[in-house]
K.L.:
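Here it is, the structure in full.
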Amino acid sequence: MLTKRIRNWFGITLVALTYTACSVPTLVQKSENRTVPASFNNSQDTTNTAQARWKDFFTDPYLMALIDTALHNNQELNITLQEIEITRNEVRARKGEYLPSVGLRAGAGVDKVARFTNIGALEATTNIEPGREMPEPLQDYLVGAFATWEVDVWHKLRNAKKAAVNRYLSSVEGRNFMQTNLISEIANSYYELLALDNQLAIVKQNIEIQSNALRIVKLQKEAARVTELPVRRFQAQVLNTQSLQYEIQQRITETENRINFLVGRFPQPVQRNTQDFASLTPKVVNAGVPAQLLANRPDIRQAELDLAAAKLDVQVARARFYPSVGISAGVGFQAFNPTFLLKPESMLMSLAGDVAAPLVNRNGIKAVYASANTRQIQAVYNYERTILNAYVEVANQLAKISNLEKSYDLKSREVEALTQSIDISNTLFNSARADYMEVLLTQRDALESRFDLVETKMQQMNAMVNVYRALGGGWAQ
């Protein structure tokens, strides 16, 4: 017998199951998680960004065009749509099993019975009517209708239909979850592409700065102010930065093609916003309350529907132990001559009921029942795991947004300081008050700091996208 206990887990309702039959394991008790951020766990504001449509959340027209195209052309999403059709047909099939089955039957045949048998001897001495013997060989013509129906006393067929409905709804939620992930993946790749464009522009600026420094060093060598060593070191620095340019261009190509694959088209340039990437500002995200995850996250609703279907499967498996009741009926006409087929005397009808119950060798039914119980336990664990994963994702991304905001401010100040130090080091080098290594190190540090700043900005934009996905946004029409 399956019993259910409901308990509260950091504001979200979970289900625990125990069994007193079929010797299945009991779920491990879980303690309350008190390590979640108070800013989210104790939130009273029900304003939730996940309730906003993706067209309202993403305002970049190029990004919106990519997402819209992907929602129509993405192959994986279209495959999922076909899976939804499969589960919908499964519902129709289960509904057909629940309803009576009615069919038409027509047939014709001929039969020659051996004379020296009991049937042959009877036919030889039997007249259809006085003076008219039975024809030999004997023809047979039949036309009629028949119906069979299993009386669903134990709700076996009804529960199987409900389980199929839950799995159909689960597949719809799976499609919504895939759409959410698809939108976030395209958005993250798009912002990565903008970041790479910005890094490429930084590299080109540095190549120009380093080339100018190399020219100055060559002039100083001609004036015998420096040796060949600084010239070679500056030249190596320029070559290194030029090679970095092609590495970034390769990453741009790969990112563009990743977007093209998600959009469902062959490789081609991806149109994007050409404004300064550093000027992008992440949107303010409202996380709402933790309980809203149950309503917003498609994967949680999918796990919940799978759990409901697994529970119904247990009831269906249990009903197989009980007797099944069937009713069959038929009506039609049968005669040995087509001219007699529609006469009242040729009418036949039948009505029968039967009860069948398994008595011996019920191991197969027991195994199916035990497997259904085990799958239900799996569904419970999967439901709990899905909720826990959703909560952790939201907590991580909210913390990441806060930390990246502070980190970006500090890195901006670092870039400003190192940019100023480039001019200072060049001035000191030209006046022979600084070593050429100080110039090279300053240029390298400035380049790395600007790269880090762009990387942090990209992480900020990705965190905004990821928290929108973690809260369950992107699937609502």
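Values reported hereafter were calculated over all heavy atoms of this structure, with side chains retained and with hydrogens, waters and symmetry mates removed. All of these numbers come straight from a predicted model, not from anything done at the bench.
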K.L.:
In Å, rounded to the nearest 0.5 Å, how long is the span from CD of E455 to CD of E192?
P.N.:
8.0 Å

K.L.:
Given 3.5 Å as the limit, does a donor-acceptor pair link the side chain of R272 with the main chain of L193, or not?
P.N.:
no

K.L.:
Would you mind reporting whether T59 and K283 have side-chain heavy atoms less than 4.5 Å apart?
P.N.:
yes

K.L.:
Should N462 and N188 count as side-chain neighbours, where that means a heavy-atom distance under 4.5 Å?
P.N.:
yes

K.L.:
Under 3.5 Å, is there a donor-acceptor pair linking the side chains of T241 and N206?
P.N.:
no

K.L.:
Answer whether the closest heavy-atom distance between the side chains of K218 and L214 falls below 4.5 Å.
P.N.:
yes

K.L.:
Assess whether a salt bridge exists between E393 and R469, defined as any Lys/Arg side-chain N lying under 4.0 Å from an Asp/Glu carboxylate O.
P.N.:
yes

K.L.:
May I ask you to decide if N403's main-chain N or O and S407's side chain share a donor-acceptor pair within less than 3.5 Å?
P.N.:
no

K.L.:
A cation-pi test, strictly: NZ or CZ of K457 under 6.0 Å from the centre of the six-membered ring of Y408 and no more than 45 degrees from its axis. Yes or no?
P.N.:
yes

K.L.:
Working note: D313 + R167, criterion salt bridge (charged side-chain N to carboxylate O under 4.0 Å, His left out); need CA distance, chi angles, decisive distance, verdict.
P.N.:
CA-CA 11 Å; D313 287 340; R167 288 195 169 88; 2.3 Å; yes

K.L.:
For E254, is there an ion pair with R251 - N to carboxylate O distance below 4.0 angstrom?
P.N.:
no

K.L.:
Do the ring planes of Y468 and F58 sit parallel (below 30°), tilted (30 to 60°) or perpendicular (above 60°)?
P.N.:
perpendicular

K.L.:
Check step by step if salt bridge (charged side-chain N to carboxylate O under 4.0 Å, His left out) holds for E416 and R413.
P.N.:
CA-CA 5 Å; E416 183 180 358; R413 293 160 60 185; over 6 Å; no

K.L.:
List the steps and the verdict of side-chain contact (heavy atoms from CB on, under 4.5 Å) for H155 and Q315.
P.N.:
CA-CA 8 Å; H155 291 181; Q315 297 179 12; over 6 Å; no

K.L.:
Between V465 and Y191, is there a side-chain heavy-atom distance shorter than 4.5 Å?
P.N.:
yes

K.L.:
Could you check Q205 against R450 for side chain to side chain donor-acceptor pair (under 3.5 Å), going step by step and ending with a plain yes or no?
P.N.:
CA-CA 11 Å; Q205 292 175 5; R450 295 182 69 182; 3.0 Å; yes

K.L.:
Working to the nearest 0.5 angstrom, can you tell me the gap between N78 CG and R175 CZ?
P.N.:
9.0 Å

K.L.:
If you round to the nearest 0.5 Å, how far is CD of E76 from CG of L81?
P.N.:
11.5 Å

K.L.:
Walk me through whether K411 and S449 qualify under side-chain contact (heavy atoms from CB on, under 4.5 Å).
P.N.:
CA-CA 7 Å; K411 288 184 180 296; S449 66; over 6 Å; no

K.L.:
Working to the nearest 0.5 angstrom, can you tell me the gap between I252 CD1 and L200 CG?
P.N.:
5.0 Å

K.L.:
For a 4.5 angstrom cut-off between non-hydrogen side-chain atoms, does S412 reach L453?
P.N.:
yes

K.L.:
Once rounded to the nearest 0.5 Å, what's the spacing between atom CG of L305 and atom CD1 of I300?
P.N.:
12.0 Å

K.L.:
Starting from the C-alpha separation in whole Å, work towards a yes-or-no answer on side chain to side chain donor-acceptor pair (under 3.5 Å) for R232 and Q235.
P.N.:
CA-CA 5 Å; R232 295 302 180 184; Q235 186 178 20; 3.0 Å; yes

K.L.:
Run the salt-bridge test on E97 and R94 with the 4.0 Å N-O cut-off and return the result as yes or no.
P.N.:
yes

K.L.:
With side chains defined as the heavy atoms from C-beta onward, is the minimum distance between I387 and Y383 less than 4.5 Å?
P.N.:
yes

K.L.:
Are side-chain heavy atoms of I67 and W54 found at a separation under 4.5 Å?
P.N.:
yes

